[in-house]
Amino acid sequence: MFGTLASRELETARLSRDLGLSCGGFEDLGMRMEGENMVPHRGEGEGEQVTETEPFQQTQRFVVGYALTSKKKKSFLQPKLETLARRKGIYFVAIDLNRPLSEQGPFDVVLHKLLGKEWQDIIEDYQQNHPEVTVLDPPGEIQRIHNRQSMLQGLADLNLSDCSGSIFVPKQMVVLKDSASSADKVVEAGLKFPLVAKPLWIDGTAKSHQLFLAYDRFSLAELDPPIVLQEFVNHGGVLFKVFVVGDTIKVVRRLSLPNISNCEKGKVDGVFKFPRVSSAAASADNAELDPSVAELPPKPFLEALVKELRSLLGLRLFNIDMIREHGSNNVFYVIDINYFPGYAKMPDYEQVFVDFFHNMAQDKRRCK
Ligand SMILES: Nc1ncnc2c1ncn2[C@@H]1O[C@H](COP(=O)(O)OP(=O)(O)OP(=O)(O)O)[C@@H](O)[C@H]1O
Ligand SMILES: O=P(O)(O)O[C@H]1[C@H](O)[C@H](O)[C@H](OP(=O)(O)O)[C@@H](OP(=O)(O)O)[C@@H]1O
Ligand SMILES: [Mg+2]
Ligand SMILES: [Mg+2]
């Protein structure tokens, strides 16, 4: 039992800090820690009856437990998001990775982006034992887009009833290990150079974003499998990053690799590493662009594509990198899909996420 109010506040402040509550701590949630349990904090001061044993009743609060790297927490959980969310009764609570997940909470949502088998096992076990909690997103579905081959499987077969655009995936093949015959297999598969070489696995490290342009078959021997070799598609140097948060879609333009002319293809040999040309710093919003290149994909087309993708991938938080084939009328290629990307770079991301969680809270209440 807490001693004086002062020590209770100190204890609450400590626990709030430990669990990442950035507001006034548990008091703000109408609850406080009693030993290892969260109990309702009823009293404003001394003398108020606080029911010691009553478990914490979640009254109109929607609690999002999060398991993110410190870098991701810093970039995603910005003060404005927390403040706007709190106004809607939505609270973000840090998951303590040093304690059993089932002993924490209760949560309405567990939002996570951590890598490694240990966390994958923890969250899968939790998902099995807590069907009442929405796990964003299901770990098995996330795993699929951590492999650049499975990431894009099935996209080219999507049935897009909207005819204002068409979607493809560049021809690609996986090279799992060094072998003298790799180059032959690439040529036999009919892949056309130059090829973009990408690490097959996405593991959150910078290495999984180290890409190369290979101009000829002989230079393939310089690459380190396992990799995906993907045909380069001329697209005028502009990429469309399509952010998805549930049913909300936001598109931003990013600078990208320039076209490669036939002359260049004929003259250049070798393998060239290139930087993250389409990172957030490479916003194309202020660039002078050819309208036929910079024109955004048609809205109905994007909506149809994202609807199909949501069903195919089983994910709610992702972005896709799309390019328009240069000179085409809305022939698009999806070249990359990212789970839980850098949403802070998405316009109005705070309001988008507050609306997203608020709608989830309302849906959950309707189902009760
Ligand atoms: N098939 C392709 N044709 C043309 N350009 C490509 C192709 N694949 C990749 N690129 C270029 O390389 C950049 C990075 O590719 P990609 O998005 O696949 O890598 P990534 O490491 O997953 O990047 P991020 O996850 O940061 O978006 C793209 O933004 C684009 O500029
Ligand atoms: O410009 P965006 O938001 O796409 O940059 C993302 C990038 O696409 C990947 O999603 C990165 O995640 P990993 O693939 O796991 O490396 C994101 O890094 P993160 O640290 O924010 O998760 C980039 O923001
Ligand atoms: Mg990308
Ligand atoms: Mg990516």
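Each ligand, and each atom within it, is numbered from 1 in the order the structure gives.
For ligand 1 and D321, the ligand atoms under 4.0 Å from any heavy atom of the residue are 17 (O), 27 (O). Applying the 4.0 Å criterion to heavy atoms of V277 picks out, from ligand 1, the atoms 31 (O). Each of the atoms 27 (O) of ligand 1 lies under 4.0 Å from some heavy atom of K241. Listed by number with element, the atoms of ligand 1 under 4.0 Å from a non-hydrogen atom of F274 are 12 (O). Per-residue contacts place R148 under 4.0 angstrom from the following atoms of ligand 1 (heavy atoms of the residue considered): 18 (O), 19 (O), 20 (P), 21 (O), 22 (O). For ligand 2 and K71, the ligand atoms under 4.0 Å from any heavy atom of the residue are 19 (P), 20 (O). Taking every heavy atom of R276 and a limit of under 4.0 angstrom, the matching atoms of ligand 1 come to 24 (P), 26 (O). Every atom of ligand 2 is numbered from 1 in the order shown, and the set under 4.0 Å from a heavy atom of I202 is 14 (O). Heavy-atom proximity to S278, at under 4.0 Å, picks out these atoms of ligand 1: 28 (C), 29 (O), 31 (O). The distance from ligand 2 to the heavy atoms of H209 drops below 4.0 Å at these ligand atoms: 13 (P), 14 (O), 16 (O).
Contacts between L211 and ligand 1 below 4.0 angstrom, taking non-hydrogen atoms only, involve the side chain exclusively. At a heavy-atom cutoff of 4.0 Å, ligand 1 is contacted by both the backbone and the side chain of I335.
Ring pair F340/F353 is parallel by interplanar angle, where below 30° counts as parallel and above 60° as perpendicular. Between F332 and F301, the two ring planes are parallel [angle under 30°; tilted spans 30° to 60°].
With the Mg ion (ligand 3) as the vertex, OD2 (D336) and OD2 (D321) define an angle of 100°, rounded to 10°.
D247 and R316 are not joined by a salt bridge, as no carboxylate oxygen comes within less than 4.0 angstrom of a charged side-chain nitrogen. Between E303 and K299 a salt bridge is recorded (basic side-chain N to carboxylate O distance below 4.0 Å). In summary, D336 and R148 engage in a salt bridge, as defined by a charged side-chain N under 4.0 Å from a carboxylate O. Using a cut-off of 4.0 Å between Lys/Arg side-chain N and Asp/Glu carboxylate O, D355 and K88 are scored as not salt-bridged.
Any N or O atom pair closer than 3.5 Å counts here, and P170 shares no such pair with ligand 1. Considering backbone and side-chain atoms together, R254 places an N or O closer than 3.5 Å to an N or O of ligand 2. Among the atoms of R276, none of the N or O lies under 3.5 angstrom from an N or O of ligand 2. Note: an N/O pair closer than 3.5 Å links N319 and ligand 2 by distance alone. Of the N or O atoms in Y339, none lie within a sub-3.5 Å distance of an N or O in ligand 2.
In terms of protein heavy atoms, atom 2 (C) of ligand 1 is closest to Q230 OE1, 3.6 Å. Ranking the protein heavy atoms by distance from atom 9 (C) of ligand 1 puts K198 NZ, 3.5 Å first. Nearest protein heavy-atom contact of atom 5 (N) of ligand 1 is H235 CE1, 3.4 Å. If you check which protein heavy atom lies closest to atom 23 (O) of ligand 1, you get D336 OD2, 3.6 Å. Protein heavy atom in closest approach to atom 9 (C) of ligand 2: N338 OD1, 3.8 Å. Among all protein heavy atoms, the one lying closest to atom 3 (N) of ligand 1 is V233 N, 3.0 Å. Here the heavy atom of the protein found nearest to atom 11 (C) of ligand 1 is L257 CD1, 3.8 Å. In terms of protein heavy-atom proximity, atom 21 (O) of ligand 1 is nearest to H209 ND1, 2.6 Å. Nearest non-hydrogen protein atom to atom 30 (C) of ligand 1 is S256 OG, 3.3 Å. Summary of contacts: the protein heavy atom closest to atom 4 (O) of ligand 2 is K241 NZ, 2.7 Å. For atom 6 (C) of ligand 2, the nearest protein heavy atom (residue, atom name, distance) is G342 N, 3.9 Å.
Using a 4.0 angstrom heavy-atom cutoff, Q210 does not count as in contact with ligand 1. Contact annotation: R254 has no heavy atom less than 4.0 Å from any atom of ligand 1. The shell of residues lying under 4.0 angstrom from ligand 1, judged by heavy atoms, includes E231.
Closest of all the heavy-atom pairs between Q78 and A344 is NE2-CB, 3.5 Å.
No more than 12 heavy atoms of other residues, nucleotides or ligands lie within 6.0 Å of CD in Q128, so this atom counts as exposed by the packing criterion. Within a 6.0 Å radius of CG in D121, other residues, nucleotides and ligands contribute more than 12 heavy atoms. Few gaps surround NZ on K250; more than 12 heavy atoms of other groups in view lie less than 6.0 Å from it. Within 6.0 Å of the NZ atom in K265, the count of heavy atoms belonging to other residues, nucleotides or ligands exceeds 12.
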Applying side chain to side chain contact (heavy atoms under 4.5 Å, CB included), run through V244 and L317 and close with a yes or a no. CA-CA 6 Å; V244 177; L317 302 180; over 6 Å; no
Walk me through whether S182 and K185 qualify under side chain to side chain contact (heavy atoms under 4.5 Å, CB included). CA-CA 5 Å; S182 295; K185 286 178 184 153; 5.7 Å; no
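Not a single donor-acceptor pair under 3.5 Å links the side chain of N319 to the backbone N or O of P341. Between the side chain of R324 and the main chain of E295, a donor-acceptor pair closer than 3.5 Å is present. The main-chain N or O of A294 is found under 3.5 Å from a side-chain atom of R253 such that the two form a donor-acceptor pair. Under the 3.5 Å distance criterion, the side-chain polar atoms of K113 are matched with a main-chain donor or acceptor of Y339.
One option in K345, M346, H146 has a heavy atom closer to atom 23 (C) of ligand 2 than any other, and that option is K345. Of the listed options K72, K113, K74, K113 places a heavy atom closest to atom 11 (C) of ligand 2.
L213 and L195 fall into different hydrophobic clusters, where Ile, Leu, Val, Met, Phe, Trp and Tyr residues are linked whenever their side-chain heavy atoms come under 4.5 Å apart, directly or through other members.
The residue from I167, D321, V242, L309 that alone fulfils the side-chain contact (heavy atoms from CB on, under 4.5 Å) condition with V334 is I167.
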